[in-house]
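Protein chains get the first letters and strands the later ones, always in sequence-line order, with residue 1 at the start of each. These values consider heavy atoms only, across backbone and side chains, with no hydrogens, waters or symmetry-generated copies.
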2 protein chains.
Amino acid sequence: MDQLRALRYFSKVVQLGSFTQAAAEFSVPPSSLSRRVADLEKHLGADLLKRSTRSVQVTEIGEIYFQQIQDVLRLLAHSDETVRSYQAKPMGQLRITSLVGFGEQRLLPALEDFKAQYPDVVLDVRLSDELTSLSRDDVDLAIRGGYAPNERVQAIRLMSNEFIPVAAPAYLAEMGVPQSVLELQEHKGIYFRTPRGPTPWLCQVDGEWRDVSAPAVAISNNGAWLAEQAVRGRGIMMAPRWALAAYIDRGELLELSFDTTLSVNQNPELAIHLIYQKQRYLVPKIKAAVDFLVERFR
Amino acid sequence: MDQLRALRYFSKVVQLGSFTQAAAEFSVPPSSLSRRVADLEKHLGADLLKRSTRSVQVTEIGEIYFQQIQDVLRLLAHSDETVRSYQAKPMGQLRITSLVGFGEQRLLPALEDFKAQYPDVVLDVRLSDELTSLSRDDVDLAIRGGYAPNERVQAIRLMSNEFIPVAAPAYLAEMGVPQSVLELQEHKGIYFRTPRGPTPWLCQVDGEWRDVSAPAVAISNNGAWLAEQAVRGRGIMMAPRWALAAYIDRGELLELSFDTTLSVNQNPELAIHLIYQKQRYLVPKIKAAVDFLVERFR
DNA sequence: TCGATTATTGCCCGAACGACAATAATATTA
DNA sequence: TAATATTATTGTCGTTCGGGCAATAATCGA
C-alpha cells in the first residue's frame, strides 16, 4: 500500500468532508479514494471515518490521526522542497508577515529592493499585529516583537524596539519641556494601541513600576496618523525609535530625555525579531530573504 | 512512486552504507533498493548518493535530506502507533530513562508494582545522569532534574529536588553541631559528583553567593556509597531529601538546619520532572505509565 | 414518496514493484 | 601486479497494486 498516497487522500477527505470533492482535487474517481482510505483503515486496524452512503464524518481517532498527519505531510513537503531547490536560484512564492507599523515604514520599502534583486521571488506580505503561528505553515518568515517560541525556529534580532518619548518643538515651546517623568502627568498624551491594549507610560522608581501617563488627546493603532498628531503639536508621544527616526532627522519631533528611563511595558528590551524555521534556511528563497533583511536592518 | 517506501530504503542504505545490507533488512533483492532510490532521486531532481560499483557515499544534500526524513518517518510511526493502540490495553515495549540515584531508590521499586499491574508492558529502563534527547526517539519517558526543553514535550513536576544537609548522630556528637553555615568550613564534607561537576555547598548572603564547602573526605557519583560514608560518621553530606528520607526515618542521619538556607546550585528549585512527548500520551502504555508515576510520586 | 447525490463494489487494464539472472566495476588478497 | 570476490546496476518476467468505468445501494432533500 502506498501509505503516503492514502494519507493525502484521507487528509483531503477530512478537509472537504466529501469523497467526491476530494477526488476532484486529485483528478481521480471517488472510488479510488474510497479504496485507499479503506486500505489505510485496515492497515491501522481502526475506523477513521464514519460513512453513510451520502455523507462522511470523522471519528474521534480519525481526527487525532488527521491532526498528527498534517505534521508529517508538511515536513515531507518541506524536505522535498529543500532538495529540489538545492543550489537553485531564489524563486517561488515567499510569504512574509510583519508587525503593521514596522511593515509599512521599514519592511515594504526594503522589499522593493529585494524584488529588484530577486525578480523570480513572488512576495506575499501580510501585515498584522496578531501573532500568527509560524508552524502552521501559512508563513515562511515572520517579523515580530518578542523572542523565539521554541528551539526549532530561529529568531534573529533585527533592531531594538525601544520606545522613546518625543514632541514637536512648537508643543514644547508652548507647554514647556518636562524636566522629570513626574511632570508628564501635566502634559497631553498621544498613545499607540497594540492588540494587547494601549501603551501607558511607565517608569521604574525604587524597583516599583509607576504609571506616569498624561491625559490622552489621541489613541490609535495607526502609527503614522499618531505621529502626524505629534508633529502638529497635539501632545507628547511614545513610539519605537525606528518609527520616529525620520521625524527626528527632519527636526519635526524632538526626543525628550529624563533621568528615569521611560518605557511602555515592564520588559523594555523586547526587540524586533526575524523568525523562521531553522531547517528551511537551506531553501534559497528563504536564505536570500533572511540574509537580505539581516544585512539591511542589523 | 511509493515515496514512503523509497524513503525507508534510502534511509536504511544511508544508515548501513550498503545497498546489499539494507536490502537484507527488507528481505528484497538489492536491485529493488537501487531502483527505488534512483526513482527518488529522479523525483527530487538531485543526487542523494554517490555510487561506485562497490561502495556508496552520501552526498551533501543527501545527508541533509536523510536527517530531515528521520523526523518524518518517526512522526508517522508514532501516529500509526497511536491509532493502532487506540483503546487497547497497555502493552509493548516502554523505554524509560532516569537519573541514576532517583532510579535506583525510587523508580525501580515503583516499577515492580507497575509491572504487576500491567504485565503486558515490557520495561526497558536506562539509568543515566547524562541528558538523553527525548526527541531522538530512543526513549518514551524520561525523569530528569530541570524543566521542559520545548513546547512539544510535557514536563510534570514529580517532587522537589531540594538538597538538605545531614550527618550521623555520632559525627555530630564528636565534632559538634554547626550552628551557622560559616562553621561548616571547620567540618568534613561528603560530596556528590554530577556529570556537570561536584556539588559545592552554597548559600546566599546579602544577595551574593558564597561557597561554604568543608574540606572533602569523600567524593563520588554513587549516592548509596556516599550515604554509607555519612552514616558511618565520616562527615556532613548534602543530598536530595528523597534520597535521604529512609536514613532519616531510621535515625541514622540527622537533618541540619541553619538560618541561611543551603543549596548546591544557584537555582535551588530544580525539581524532579517526568518528561514525555505530549501527543504520545494517547498511547495506552505511555498514558498508563505517566498516570502511574504521577499518582505514585506526586 | 420520488429523485438526485454520494459512497461503494465489480471488472478490466496499465503501471509499478519484486524476483531472478547476468553484467560491470572495484576493493581485497595472494 | 593479477586474480578473486564482493557489490551495484541493468534486463526480463510475472505479480500486485492502483486507476478508470460502470453499476449498485443507500440517504438526504424536495
Visitor: In whole Å, I'd like the distance from the NZ atom of B:K50 to the P atom of D:dT9.
Guide: 14 Å
Visitor: To the nearest Å, how far apart are A:L40 CG and D:dC17 P?
Guide: 15 Å
Visitor: With sequence neighbours excluded, what pairs up with B:D47 under the salt bridge (charged side-chain N to carboxylate O under 4.0 Å, His left out) test?
Guide: none
Visitor: Is the shortest distance from a Lys or Arg side-chain nitrogen in B:K115 or B:D113 to a carboxylate oxygen in the other one below 4.0 Å?
Guide: no
Visitor: Just the rounded figure in Å: distance from P of C:dT9 to NZ of A:K42.
Guide: 12 Å
Visitor: Between B:K42, B:R35, B:R36, which is the residue that forms a salt bridge (charged side-chain N to carboxylate O under 4.0 Å, His left out) with B:D39?
Guide: B:R36
Visitor: Counting only side-chain nitrogens and oxygens, does B:S18 get under 4.0 Å of the OP1 or OP2 atom of D:dA8?
Guide: yes
Visitor: For the ring pair B:F19 and B:F10, is the centre-to-centre distance below 6.0 Å?
Guide: no
Visitor: Restricting to side-chain hydrogen bond (donor to acceptor under 3.5 Å, both in side chains), what partner residues turn up for A:S52, sequence neighbours left out?
Guide: A:S55
Visitor: Not counting sequence neighbours, which residues clear side-chain hydrogen bond (donor to acceptor under 3.5 Å, both in side chains) with A:Y9? List them please.
Guide: none
Visitor: What is the separation between atom CG on A:L33 and atom P on D:dG18, rounded to the nearest whole Å?
Guide: 13 Å
Visitor: For B:F292, give me all partners under ring-ring contact (aromatic ring centres under 6.0 Å, His included), at least two apart in sequence or on another chain.
Guide: B:F114
Visitor: Sugar-phosphate atoms are those with a prime plus P, OP1 and OP2; base atoms are the rest. Using that split, label each nucleotide of nucleotides 19-30 of chain C B, S or - for protein heavy atoms under 4.0 Å, 5' to 3'.
Guide: BB----BBS---
Visitor: So if I take every side-chain heavy atom of A:D2 and compare against D:dG18, C:dT8, C:dC17, which nucleotide ends up nearest?
Guide: D:dG18
Visitor: Can A:R95 and A:D140 be counted as an ion pair, charged N to O under 4.0 angstrom?
Guide: yes
Visitor: Expressed as a whole number of angstroms, how long is the span from B:R36:CZ to D:dA8:C1'?
Guide: 15 Å
Visitor: I need the CE-P distance between B:M1 and D:dG18, as an integer number of Å.
Guide: 14 Å
Visitor: Hey, can you pull the residues of residues 4-16 of chain B with a non-hydrogen atom under 4.0 angstrom from DNA chain C?
Guide: B:R5, B:Y9
Visitor: Roughly, in whole Å, what's the span from CD in B:Q57 to P in D:dA8?
Guide: 13 Å
Visitor: May I ask you to decide whether A:E41 forms a salt bridge with A:R51, counting only side-chain N to carboxylate O separations under 4.0 Å?
Guide: yes
Visitor: Taking CG from B:L49 and P from D:dA8, how many angstroms apart are they, rounded to a whole number?
Guide: 10 Å
